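This one's a predicted model, so the numbers in the text were calculated from it and none came from an experiment.
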Amino acid sequence: MTKQKRLILEILRSTKSHPTADWIYDQARKVLPSISLGTVYRNLAVLKEEGEIMELNYGSTYSRYDGNPQNHYHFVCLKCGRVEDVDMPVCSELDKQAEKTRIGEVYYHRLEFYGLCLHCQSGGI
C-alpha cells in the first residue's frame with residue numbers, strides 16, 4: 001500500500017462526514033502537499049475496487065465516500081445535502097423478499113432515507 005493510498009484510507013476512516021474527493025484532497029494536502037487530485041481519484045477507485053471503502057452516488061455531479069465498507073443505511077438531508085449513517089441493522093429479509101419477485105439472485109441491497117436533518121429542522125442553529 002502506497003503512502004498516498006494509506007493516507008486517503010486513514011482520512012476516510014477518521015470521519016463520519018461522507019466526504020467528497022475534493023474534501024479528501026484538501027485533507028491529504030495538509031500531510032502530503034505534493035499529492036494531486038488525480039492521485040486521490042485513482043486511489044479512491046482502487047480502494048473501492050478492493051472493498052476498503054464505499055462510494056455513494058446520489059445522482060449529483062459528485063460522489064461521496066464512506067470509510068466503512070460494510071453494508072449500512074444512510075440518511076440524506078434534502079436541504080443541506082448532509083449524509084449520515086443510520087444506526088440500525090441491515091434488514092436481510094428485504095433481499096429474500098426481492099428474490100421472491102423472481103428478479104434474480106440478490107446479494108445485498110442499498111437503502112437511503114431522505115428528509116431534513118436535525119440541524120436543518122432547527123433552523124440551522
Side-chain angles (χ1 to χ4, degrees):
M1 181 176 283
T2 66
K3 64 182 175 182
Q4 293 91 342
K5 188 161 88 170
R6 185 176 302 112
L7 175 62
I8 291 166
L9 186 57
E10 287 172 5
I11 290 169
L12 276 171
R13 296 236 168 113
S14 69
T15 183
K16 298 280 186 192
S17 69
H18 304 83
T20 63
D22 288 336
W23 185 89
I24 296 165
Y25 170 65
D26 289 341
Q27 300 305 305
R29 286 192 58 205
K30 293 175 183 177
V31 178
L32 293 172
S34 64
I35 195 169
S36 71
L37 184 56
T39 296
V40 170
Y41 273 108
R42 279 190 299 281
N43 280 285
L44 286 170
V46 169
L47 287 166
K48 176 187 165 192
E49 186 177 304
E50 292 174 346
E52 293 288 335
I53 65 170
M54 187 184 298
E55 181 179 10
L56 308 173
N57 185 328
Y58 297 110
S60 64
T61 56
Y62 56 89
S63 293
R64 292 178 174 265
Y65 296 90
D66 191 336
N68 177 4
Q70 302 304 314
N71 193 16
H72 60 283
Y73 300 142
H74 294 97
F75 174 85
V76 181
C77 180
L78 294 171
K79 186 173 183 182
C80 71
R82 181 181 306 196
V83 178
E84 297 183 29
D85 291 342
V86 177
D87 187 20
M88 64 184 270
V90 172
C91 180
S92 59
E93 186 61 32
L94 289 175
D95 299 339
K96 295 172 191 165
Q97 289 178 14
E99 278 190 355
K100 286 180 183 177
T101 68
R102 303 179 61 69
I103 58 169
E105 186 177 359
V106 176
Y107 299 126
Y108 65 93
H109 67 276
R110 280 186 42 184
L111 179 65
E112 290 90 28
F113 297 94
Y114 294 86
L116 289 179
C117 69
L118 295 175
H119 181 78
C120 289
Q121 284 180 32
S122 66
I125 298 172

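- Within the structure, every pair that satisfies the salt bridge (charged side-chain N to carboxylate O under 4.0 Å, His left out) test and touches residues 109-119, not counting sequence neighbours, is listed here: Arg110-Glu112.
- Scored by the side chain to side chain contact (heavy atoms under 4.5 Å, CB included) test, Lys79 finds Cys77, Leu116, Cys120 as partners (sequence neighbours excluded).
- Judged as a ring pair (Phe, Tyr, Trp, His ring centres under 6.0 Å), and not counting sequence neighbours, the contacts of His18 are His74.
- Atom OH of residue Tyr62 and atom CG of residue Leu56 lie 11.5 Å apart, to the nearest 0.5 angstrom.
- When atom types are taken as modelled, the side chain of Ser14 and the backbone of Ile11 share a donor-acceptor pair closer than 3.5 angstrom.
- Tyr108 shares a hydrophobic cluster with Tyr107; the chain of contacts runs through ILVMFWY side chains whose heavy atoms sit under 4.5 Å apart.
- Not a single salt bridge (Lys or Arg N to Asp or Glu O under 4.0 Å) links Glu10 to another residue, sequence neighbours left out.
- Among residues at least two apart or in separate chains, side chain to side chain donor-acceptor pair (under 3.5 Å) pairs with a member in residues 86-106 are Asp95-His109.
- Without hydrogens or angle criteria, His119 side chain to Cys117 main chain gives no donor-acceptor distance under 3.5 Å.
- Looking at residues two or more places apart in sequence or on another chain, you find no side-chain hydrogen bond (donor to acceptor under 3.5 Å, both in side chains) involving Thr20.
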Using atom types as modelled, flag every donor-acceptor pair under 3.5 Å from a side chain in residues 35-54 to any protein atom, sequence neighbours excluded.
residue, atom, partner, partner atom, Å
Ser36, OG, Thr39, N, 3.1
Ser36, OG, Thr39, OG1, 2.9
Thr39, OG1, Arg42, NH2, 3.2
Arg42, NH1, Gly38, O, 3.4
Asn43, ND2, Thr39, O, 2.8
Lys48, NZ, Glu55, OE1, 2.9
Glu50, OE1, Lys5, NZ, 3.3
Glu50, OE2, Lys5, NZ, 3.0
Glu52, OE1, Arg13, NH2, 2.9

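- Applying the salt bridge (charged side-chain N to carboxylate O under 4.0 Å, His left out) definition to pairs two or more places apart or across chains, none involves residues 17-37.
- Summarising the hydrophobic clusters (Ile, Leu, Val, Met, Phe, Trp, Tyr; side-chain heavy atoms under 4.5 Å, direct or chained), the residues clustered with Ile103 are Val106.
- Connectivity analysis of hydrophobic side chains (ILVMFWY, heavy atoms under 4.5 Å, direct or indirect) links Phe113 to Tyr73, Phe75, Val86, Met88, Val90, Leu94, Leu111.
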